[in-house]
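Since the structure comes first, as structure tokens, the remarks are kept for the end.
Here is the naming used below: chain letters follow the sequence lines, and residue numbers restart at 1 for every chain. Just so you know, these numbers use all the heavy atoms, side chains as well, and skip hydrogens, waters and symmetry mates.
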Protein chains: 2
Amino acid sequence: MLDRPQGDVALLRAFNRLYTNQLGLLDAHLDGSRFTLSEARILYELAHREDPTAADIARTLNMDRAQISRTLKRFADRGLLETRDDPGHGRQQLLSLTPTGRAAFADLDVRAQEAIGALLDRVSARQRQRLIGAASVMMQAFDGGDEPASVTLRGLRPGDLGLVAARQMMLYAEEYGWDQGYEALVSRILADFHDQFDPARDAAWIADIDGEMAGSIFLVHGDDPAVAKLRLLYVESFARGAGVGRLLVETCIAHARRLGYRRLTLWTNSVLAAARHIYERAGFVLVDEAPHHSFGHDLIGQNWSLDL
Amino acid sequence: MLDRPQGDVALLRAFNRLYTNQLGLLDAHLDGSRFTLSEARILYELAHREDPTAADIARTLNMDRAQISRTLKRFADRGLLETRDDPGHGRQQLLSLTPTGRAAFADLDVRAQEAIGALLDRVSARQRQRLIGAASVMMQAFDGGDEPASVTLRGLRPGDLGLVAARQMMLYAEEYGWDQGYEALVSRILADFHDQFDPARDAAWIADIDGEMAGSIFLVHGDDPAVAKLRLLYVESFARGAGVGRLLVETCIAHARRLGYRRLTLWTNSVLAAARHIYERAGFVLVDEAPHHSFGHDLIGQNWSLDL
DNA sequence: TCACGATGTTGATTGAGTCAACAATGACGA
DNA sequence: TCGTCATTGTTGACTCAATCAACATCGTGA
């Protein structure tokens, strides 16, 4: 079993209960419709598939074949459904809605749309926006939960400067208790980076996982044209262990070589163990270290260097 | 009917289908349990309430009284439930679980917990984190959807400096096409604000709606001890029309008076019409304006002033 | 060819969901 | 104080949901 917070299960169960109470009734038996929830789900599958078989529907809806069989018979009796033998398979039957069946589904579809619409109209515009966003995130998590998240690197976009400062601050505030002095420092570094940006000497990458910022790294020029600085490396906690840090550092090193730098230096703090391992593995060597008091703590600053 | 995007309804319906297909089966009839979904829901209510009546449960679960009555009778037959007459009400009966009933619920609870846990273990740590966050947002939207969002003002927390820069940048990039020069400017202003902060001369407020940042304002000292600057006012688009901007400006003005300032000045750009209205209503007067080229656009900067 | 699995159907049983009716009780206004 | 009215709990009746078991067919692959 993975390391999973206790509250997660409780929260999802609470959500499940609320959802069942609030929306369960919504799809079940839309007022005035002649279809029950199960019937409506089967009808939906019939309307959205090309010649399905009864077994297909049973599988996708997780229903018993017996129930499907009886429901289909009722549909056929009502003139909603017609069946024809599968030319390639003697046992199976291909199902398709009659025009009457399609009309019945269209009617049901409009009713469902109106019901959901009425529900959405009850909440404020802001809550609706959040609701829709959250629903799509949950769908993603369920649907694409199996595939490993794919990491891509991209350049800076509006909002990234502030987000890098904010995320790093929140991370280090939570893990090490650093105060807002760190955020101010990062903000100034980022402002300087932008104002003195030179594409021949500087670069920045944001690690992106499914549109979400997962980490960052900056390559910054200094006084010595042969020496560049690596700055502001960080990896989001959710993205750790996926090689994001290593990818960022290696990309940065490769680009520094391309730009003709001879040496890459960086300053970090001894408490940032995860980052240190990445630096070591990339070939950086510790040059010197010195204690300092910053961000509300006694820290040991370290200078690392890599000959390119 | 409100102005509501078409896709919202479709997305929520898609979510509803996915959720019904994926999780509907989960709470229904946990393997090996002797309770159906409806029974489990009723049992949950019995376990989490103090002496409920049958009508109470029927209301919260949106179930028919007849069904509740029969289910309760089955529970009583199985020895899970005991009833006693309400001393203050001759018709109603107070329900409570027997020790057997509590044990049965505890068993069911553990099974449900394991089932949800197994589901959560199937998705990656990152997806799980997003899933949980999204679920809690959806619960909030459903639960507190009726009450108007309550705006509160708070001081700065770790991450706020960066978030203010990021959110303002994204807003103005989208609405006016401003480039990242604005974000760099804001970042520097915020770094300076932190480094030169003096509680007797400076202050900052974040507008908060349900834990989300909805706007900000900063009061900053200058060279002249009698004159303070109002800086970085902004309101999130979702929070507009709720008086957030006015609240921020009035709070800032009141605090400037308390600190003994004689005058409040601010610099803004003519395109920011919404902000200008707030300033005018608060009594600010336009002192002068001058064109400048910043953030990738030709703008007209304005200085406003208010005598306190 | 033959065992095996998948498909569709039917019987049987329990619970869900709904509607209607009814008796007992409490609340409230005329 | 009485009568009206809503609420509460129960029961009957009916249809559909959900399972389980059994069975006849059909296709596939060893």
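- The only member of B/R74, B/R70, B/R34 that meets salt bridge (Lys or Arg N to Asp or Glu O under 4.0 Å) when paired with B/E39 is B/R74.
- Judged by a 6.0 Å distance limit and a 45° cone about the ring axis, A/R78 is positioned over the six-membered ring of A/F35.
- Distance B/D56 CG to D/dT7 P: 13 Å, rounded to the nearest Å.
- Contact between the side-chain N/O atoms of A/T36 and the OP1/OP2 oxygens of D/dA17 is found at a separation under 4.0 Å.
- Looking at which nucleotide of DNA chain C each of B/R65 and B/T71 is closest to, the 5′-most match is held by B/T71.
- Within the 4.0 angstrom heavy-atom criterion, base atoms lie near B/R70.
- For B/S38 and C/dA16, the shortest distance from a side-chain N or O to OP1 or OP2 is below 4.0 Å.
- Atom-to-atom, CG of A/L37 to P of C/dG15 comes out at 21 Å; the value is rounded to the nearest Å.
- Protein atom CD of A/Q93 is 8 Å distant from nucleotide atom P of C/dG8, rounded to whole Å.
- Judged purely by atom type and a 3.5 angstrom limit, A/T83 has no side-chain atom pairing as donor or acceptor with the backbone of A/L95.
- Rounding to whole angstrom units, CZ of residue A/R74 and P of C/dT10 are separated by 13 Å.
- Salt-bridge formation is detected for the pair B/R240/B/E175: a Lys NZ or Arg NE/NH1/NH2 atom is positioned less than 4.0 Å from an Asp or Glu carboxylate oxygen.
- Phosphate contact (OP1/OP2 of D/dT11, side-chain N/O of B/K73, threshold under 4.0 Å): present.
- At a threshold of 4.0 angstrom between heavy atoms, the contacts of B/A66 include nucleobase atoms, whether or not backbone atoms are also involved.
- Distance B/L72 CG to D/dT10 P: 8 Å, rounded to the nearest Å.
- Across the interface with DNA chain C, nearest-nucleotide mapping of B/D64 and A/L94 shows A/L94 to be the residue nearer the 5′ end.
- The interatomic distance linking A/D85 (CG) with C/dT9 (P) rounds to 11 Å, in whole Å.
- At whole-Å resolution of the value, CG in B/L61 and P in C/dG15 are 18 Å apart.
- When distances are taken from the side chain of B/A55 to each of D/dT8, D/dT10, D/dA18, the shortest belongs to D/dT8.
- Checking side-chain atoms of A/S69 against main-chain N and O of A/R65 turns up no donor-acceptor pair under 3.5 Å.
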